[in-house]
Enquirer: 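The structure under discussion is supplied below as C-alpha cells; questions concerning it will follow.
The shown structure was predicted, so the numbers you read here are calculated from the model rather than taken from an experiment.
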Amino acid sequence: MHTEDLGGKTLEHWNPEDVAAAMAQGAITLIDVRTPQEYMFEHIHGALLMPMAGFDPKFLPTAGERPLVLHCGSGVRSRKMAEAYLAAGHSKIAHLDGGFGAWKTANKKYIGTNMATGAPHPVS
C-alpha cells in the first residue's frame with residue numbers, strides 16, 4: 001500500500017494482497033463502483049455494490065474501525081469516486097490500485113459466472 005496526499009486528505013492505494021488479507025480478517029468494507037452488469041458477471045465475494053452512476057458519498061456506510069476501500073475494473077473509476085468522497089469532506093479513503101483486473105492477475109478468488117448455466121460460481 002502507498003498513500004497520496006490530496007490537499008491534506010489521504011488517498012490510499014491498496015494492492016490485491018492488501019485487500020485480500022484485510023477481507024479475510026473482516027477488517028475493511030469493500031465497495032464495488034462498477035455497473036450492476038459487471039458485478040453480476042464477476043465480483044469479489046463480500047464486496048458491496050454502489051455503482052459510479054449513482055455514487056453519493058453520504059450513502060456510504062460509516063467506516064468506523066473498518067476502512068472503506070473502493071474498487072472498479074481498472075482503478076480509474078474507483079480513484080475518481082475516492083476523490084469525490086474526499087471532496088465531500090472526508091479525510092481518508094482507499095481504493096484497489098489496478099482494480100478488478102489487478103485482482104484477477106494476482107490470482108485472487110472471486111465469484112464468476114458459469115457460462116454453460118449462467119449461475120454464479122467461485123473462481124480461484
Side-chain angles (χ1 to χ4, degrees):
M1 168 184 42
H2 68 278
T3 61
E4 181 179 355
D5 183 290
L6 297 176
K9 298 179 180 189
T10 303
L11 174 58
E12 295 179 343
H13 301 268
W14 290 35
N15 63 41
E17 289 73 24
D18 296 328
V19 173
M23 287 290 289
Q25 296 173 1
I28 62 171
T29 300
L30 185 63
I31 309 288
D32 189 331
V33 300
R34 299 174 306 147
T35 67
Q37 294 83 0
E38 289 173 297
Y39 182 89
M40 290 304 298
F41 185 67
E42 55 187 9
H43 63 274
I44 299 170
H45 181 69
L48 303 176
L49 179 63
M50 182 179 234
M52 181 177 166
F55 190 88
D56 188 335
K58 69 183 172 200
F59 294 116
L60 283 171
T62 52
E65 294 295 315
R66 293 172 52 162
L68 294 176
V69 180
L70 307 179
H71 93 85
C72 64
S74 67
V76 173
R77 290 176 283 180
S78 59
R79 180 189 173 98
K80 189 173 186 176
M81 296 304 89
E83 290 173 352
Y85 181 82
L86 296 173
H90 303 279
S91 62
K92 180 178 173 183
I93 195 161
H95 85 118
L96 174 55
D97 203 14
F100 192 61
W103 183 268
K104 292 188 337 185
T105 298
N107 295 315
K108 300 299 179 192
K109 295 179 181 182
Y110 63 95
I111 304 298
T113 299
N114 179 318
M115 298 312 283
T117 65
H121 73 99
V123 178
S124 48

Enquirer: For atom CE of M40, decide whether the heavy atoms of other residues, nucleotides or ligands shown that lie under 6.0 angstrom number more than 12.
Expert: no
Enquirer: Provide the closest heavy-atom pair for G8 versus D5 in the form atom of the first, atom of the second, distance.
Expert: N-OD1, 2.9 Å
Enquirer: Where the side chain of N114 meets the backbone of T117, is there a donor-acceptor pair that is under 3.5 Å apart?
Expert: yes
Enquirer: For a 4.5 angstrom cut-off between non-hydrogen side-chain atoms, does L68 reach T29?
Expert: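 Yes; the side chains approach each other to less than 4.5 Å.
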Enquirer: Tell me, with the steps shown, if E38 and H43 meet side-chain contact (heavy atoms from CB on, under 4.5 Å).
Expert: CA-CA 8 Å; E38 289 173 297; H43 63 274; over 6 Å; no
Enquirer: Does K108 NZ have over 12 foreign heavy atoms under 6.0 Å away?
Expert: yes
Enquirer: Is it true that, when you exclude K92 itself, more than 12 heavy atoms of the residues, nucleotides or ligands shown sit nearer than 6.0 Å to its NZ?
Expert: no
Enquirer: I need the I31 CD1 to F55 CZ distance, nearest 0.5 Å.
Expert: 8.0 Å
Enquirer: Can you tell me if D18 uses its side chain to pair, donor with acceptor, with the backbone of A20 under 3.5 Å?
Expert: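 No, the answer is negative, given that no donor and acceptor are paired below the 3.5 Å cut-off.
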Enquirer: Taking a hydrophobic cluster as the set of Ile, Leu, Val, Met, Phe, Trp and Tyr residues connected by side-chain heavy atoms closer than 4.5 Å, whether directly or through intermediates, do I44 and L70 fall within one such cluster?
Expert: no
Enquirer: Rounded to the nearest 0.5 Å, what's the gap from CG on L86 to OG on S91? Could you check?
Expert: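 Those atoms lie 8.0 Å apart.
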Enquirer: Do F41 and I111 belong to the same hydrophobic cluster, where Ile, Leu, Val, Met, Phe, Trp and Tyr are linked whenever their side-chain heavy atoms lie under 4.5 Å apart, directly or via other members?
Expert: no
Enquirer: Starting at CD of E12, measure out to CD of E4 and round the result to the nearest 0.5 Å.
Expert: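 Reported value, rounded in 0.5 Å steps: 11.5 Å.
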Enquirer: With a 4.5 Å cut-off on side-chain heavy atoms, are P16 and L96 touching?
Expert: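 Yes - at least one pair of side-chain heavy atoms lies under 4.5 Å apart.
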Enquirer: Where do L11 and I93 land on the side-chain contact (heavy atoms from CB on, under 4.5 Å) test, with the steps shown first?
Expert: CA-CA 5 Å; L11 174 58; I93 195 161; 4.1 Å; yes
Enquirer: I'd like to know if Y85 and V33 are part of one continuous hydrophobic network [Ile/Leu/Val/Met/Phe/Trp/Tyr, side-chain heavy atoms within less than 4.5 Å].
Expert: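 Yes, V33 connects to Y85 through the hydrophobic network.
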Enquirer: Give, for atom NZ of K109 and atom CH2 of W103, the distance between the pair rounded to the nearest 0.5 Å.
Expert: 10.5 Å
Enquirer: Say whether, by atom type as modelled, one donor and one acceptor occur between the side chain of Y39 and the main chain of A47 under 3.5 angstrom.
Expert: yes
Enquirer: For a quick test of reading the model, state the closest non-hydrogen atom pair linking P67 to A27 and the distance between them.
Expert: CD-O, 3.1 Å
Enquirer: Between F100 and L48, is there shared hydrophobic-cluster membership here, with clusters defined by ILVMFWY side-chain heavy atoms closer than 4.5 Å?
Expert: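 The answer is no; the residues belong to distinct hydrophobic clusters.
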Enquirer: Less than 4.5 Å apart, side chain to side chain, heavy atoms only: is that true for I28 and M23?
Expert: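 Yes - at least one pair of side-chain heavy atoms lies under 4.5 Å apart.
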Enquirer: Atom NZ in K58, atom NE2 in H90: separation rounded to 0.5 Å?
Expert: 11.0 Å
Enquirer: Is the H13-H95 ring centre distance short of 6.0 angstrom?
Expert: yes
Enquirer: Report yes or no: do L30 and L60 belong to one cluster of Ile/Leu/Val/Met/Phe/Trp/Tyr joined by side chain heavy-atom distances under 4.5 Å?
Expert: no
Enquirer: Heavy atoms, side chains only, cut-off 4.5 Å: are M50 and M81 in contact?
Expert: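 Not touching, per the 4.5 Å side-chain cut-off.
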Enquirer: G73 and R34: which non-hydrogen atoms are nearest, and at how many Å?
Expert: N-CD, 3.5 Å
